[in-house]
Amino acid sequence: MNGDTLYSIGELARRTGLTVKTIRFYSDRGIVSPTDRSPAGYRLFSIDAVARLDLVRTLRELGLDLPTIRKVVDRELSLPEVAAAHAEALTVQIRVLRLRRAVLTAVAERGSTPEETERMHQLARLSEDERSRLTGDFIDAVFGGLDAAPTFAGVMRSMTPELPRNPKTEQVQAWVELAEMSLDPGFRAVVRRMAEDQAAEHARSGVTVPRREITAALRDQAGPAVTAGIDPASPQANPIVAQFTAHYAHLLGRPDDVELRRRLATRLERANEPRWRRYLQLLAVVNGWPAPESLAPVFDWSVQALRARTRR
């Protein structure tokens, strides 16, 4: 190719695949300047214009604006710096689009009212700091004044949702629903009662009461009874109930009596509250944890078994 050869706009269009109108536009903006003019006044370009136009087309397809492109092709800005900045901008745009998609999907699935839609939209748009404050308010409302107990430090951490920097759509949807729940005074009261129960047991016994150990005992001892279809009020259930109530009594350092069994039944009823189970499910989605095991049938069976044995 002869480096001294000059090309008309039409010839450039054939070589680059761009339209004559587009090349003329870039030329008018000073992005690709003509090297000379023909006797008739038409713009003529050197072979360098082909490479320049190829770069311009690539950068436009990547979404860069014309002022930035001009600085790149004029070497006022380095392409790596521009690429890094633009990649970060695209990351933000993708995050925003995911949020919008999540809200719209939730609206479609839930049949939300305009007011609910606006609320979901506002929750989805919260910054990381705003999300942290919302979560902190919820944790404070639930554990305020109770968090001195050693067992609550781990519980509070386990109840804290942390939306990742680049969340999936289902994580955003879960966060919005979880945020709505955490703002609900009724739900806060439910979780607060559960925390108070645990704090009161800790104060009475003087030992830490690990909920997971109680739950594990119920799963291991009452779970098989649920699977086997044993009637919770039947004599066949007696040794099973005795096992997990003895375990609970040991954890509390109290006798296995009617009062303890009533307290355990109340605790299980509160722990089996549907909104609380839903919170744990959403929390797992937001944090990318495995889905929590559903112990609702075990709790239901255990409560029925306890109530059947503590009626006056």
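Side chains included, hydrogens not; waters and symmetry mates left out as well; all remaining heavy atoms used.
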Consider only side-chain heavy atoms of I, L, V, M, F, W and Y, link residues closer than 4.5 Å, and tell whether Tyr42 and Ile9 are in one cluster. no
How far apart are the closest heavy atoms of Ala271 and Trp276, and which atoms are they? O-CD1, 3.2 Å
Is a salt bridge present between Arg192 and Glu196, judged by a nitrogen-to-oxygen distance below 4.0 Å? yes
Can you confirm whether Tyr7 sits close enough to Leu44 that some side-chain heavy atom of one is under 4.5 Å from a side-chain heavy atom of the other? no
Taking all atoms of both residues into account, what is the closest heavy-atom pair of Pro297 and Val226, and its distance? O-CG2, 3.9 Å
Residue pairs passing the salt bridge (charged side-chain N to carboxylate O under 4.0 Å, His left out) test where at least one lies in residues 289-300, sequence neighbours excluded: Arg219-Glu293
Within the distance-only criterion (no hydrogens, no angle test), does the side chain of Asn272 pair as donor or acceptor with the backbone N or O of Arg277 below 3.5 angstrom? no
Are Leu66 and Lys71 side-chain neighbours, meaning at least one heavy-atom pair lies under 4.5 Å? no
State plainly whether one hydrophobic cluster holds both Trp289 and Leu282, where clusters connect Ile, Leu, Val, Met, Phe, Trp and Tyr through side-chain heavy atoms under 4.5 angstrom apart. yes
Which residues pass the salt bridge (Lys or Arg N to Asp or Glu O under 4.0 Å) test with Arg57, not counting sequence neighbours? Asp54
Contacts of type salt bridge (Lys or Arg N to Asp or Glu O under 4.0 Å), residue Asp137, not counting sequence neighbours: none
Here the salt bridge (charged side-chain N to carboxylate O under 4.0 Å, His left out) pairs for residues 166-178, sequence neighbours left out, are Glu177-Arg278
So, the side chain of Trp175 versus the backbone of Val285: is there a donor-acceptor pair under 3.5 Å, distance only? no
Salt bridge (charged side-chain N to carboxylate O under 4.0 Å, His left out) pairs, two or more places apart, involving residues 223-233: none
Ala305 backbone acceptor or donor facing Arg309 side chain under 3.5 Å: yes
Here the pair of heavy atoms bringing Val298 nearest to Ala222 is CG1-CB, 4.0 Å
Can you name the residues that form a salt bridge (Lys or Arg N to Asp or Glu O under 4.0 Å) with Glu180, not counting sequence neighbours? Arg110
Quick one: side chain to side chain contact (heavy atoms under 4.5 Å, CB included) partners of Pro292, sequence neighbours excluded? Leu280, Gln281, Ala284
Passes salt bridge (Lys or Arg N to Asp or Glu O under 4.0 Å), Asp184 versus Arg275? Steps please. CA-CA 11 Å; Asp184 178 8; Arg275 287 178 296 175; 3.5 Å; yes
Return the set of residues passing salt bridge (Lys or Arg N to Asp or Glu O under 4.0 Å) with Glu162 (not counting sequence neighbours), or none when no residue passes. none
Same apolar cluster (I L V M F W Y, side chains within < 4.5 Å links), Ile94/Val172: no
Check side chain to side chain donor-acceptor pair (under 3.5 Å) between Thr19 and all other residues, then give those that pass, not counting sequence neighbours. Thr22
Once you round to the nearest 0.5 Å, how far does CZ of Arg193 lie from CD of Glu273? 8.0 Å
Write down the atom of Ser302, the atom of Leu268, and the distance for their closest heavy-atom approach. CB-CD1, 3.7 Å
Would a distance-only check, ignoring hydrogens and angles, find a side-chain to backbone donor-acceptor pair under 3.5 Å from Thr16 to Leu12? yes
Determine whether a donor-acceptor pair (N or O, by modelled atom type, separation under 3.5 Å) exists between the side chain of Ser234 and the backbone of Ile230. no
Can you find a heavy atom in the side chain of Ser33 that is under 4.5 Å from one in the side chain of Ser27? no
Smallest heavy-atom separation, Thr35 atom then Ser46 atom, equals OG1-N, 3.3 Å
Leu251 and Val258: same hydrophobic cluster, using ILVMFWY side-chain contacts below 4.5 Å? no
Do Met159 and Ile139 come close enough that some side-chain heavy atom pair is under 4.5 Å? yes
Evaluate Asp257 against Arg262 for salt bridge (Lys or Arg N to Asp or Glu O under 4.0 Å), listing each step before the verdict. CA-CA 9 Å; Asp257 55 16; Arg262 285 177 179 154; over 6 Å; no
Is it true that Thr68 and Asp65 share a donor-acceptor pair across their side chains at a distance under 3.5 Å? yes
Using side-chain heavy atoms (C-beta onward) and a distance below 4.5 Å, is Arg254 in contact with Tyr248? no
Within this structure, what is the CG-NE2 distance for the pair Asp256 and His250, rounded to the nearest 0.5 Å? 13.0 Å
What do you reckon, are the aromatic ring centroids of Tyr279 and Phe138 less than 6.0 Å apart? yes
Tyr26 vs Leu53, side chain to side chain contact (heavy atoms under 4.5 Å, CB included): CA-CA, chis, key distance, verdict: CA-CA 9 Å; Tyr26 288 155; Leu53 285 170; 3.8 Å; yes
Can you tell me how far CG of Asn287 sits from CG of Leu163, rounded to the nearest 0.5 angstrom? 9.0 Å
Search all heavy atoms of Ala308 against all heavy atoms of Ala233 and return the closest pair with its distance. CB-CB, 4.0 Å
Would you give the length of the straight line joining atom CZ of Arg131 to atom OG of Ser182, rounded to the nearest 0.5 angstrom? 12.5 Å
Stepwise side chain to side chain contact (heavy atoms under 4.5 Å, CB included) check, Gln173 with Glu109: CA-CA 11 Å; Gln173 288 179 275; Glu109 292 177 350; 3.8 Å; yes
With sequence neighbours left out, the residues meeting side chain to side chain donor-acceptor pair (under 3.5 Å) with Gln304 are none
Can you tell me if Thr245 and Arg261 form a side-chain donor-acceptor pair at under 3.5 Å? yes
What is the distance from atom CD1 of Ile69 to atom CG of Leu55, rounded to the nearest 0.5 Å? 8.0 Å
To the nearest 0.5 Å, what is the distance between CG (Asp197) and OG1 (Thr266)? 7.5 Å
Without swapping roles, check the side chain of Gln221 against the backbone of Leu218 for a donor-acceptor pair under 3.5 Å. no
So salt bridge (charged side-chain N to carboxylate O under 4.0 Å, His left out) across residues 234-249, not counting sequence neighbours, yields none
Got Ser8 and Phe45 here, is their nearest side-chain heavy-atom distance under 4.5 Å? no
Test side chain to side chain donor-acceptor pair (under 3.5 Å) applied to Asp28 - qualifying residues, sequence neighbours left out: Arg43
Glu259 with Arg263: basic N within carboxylate O range, under 4.0 Å: yes
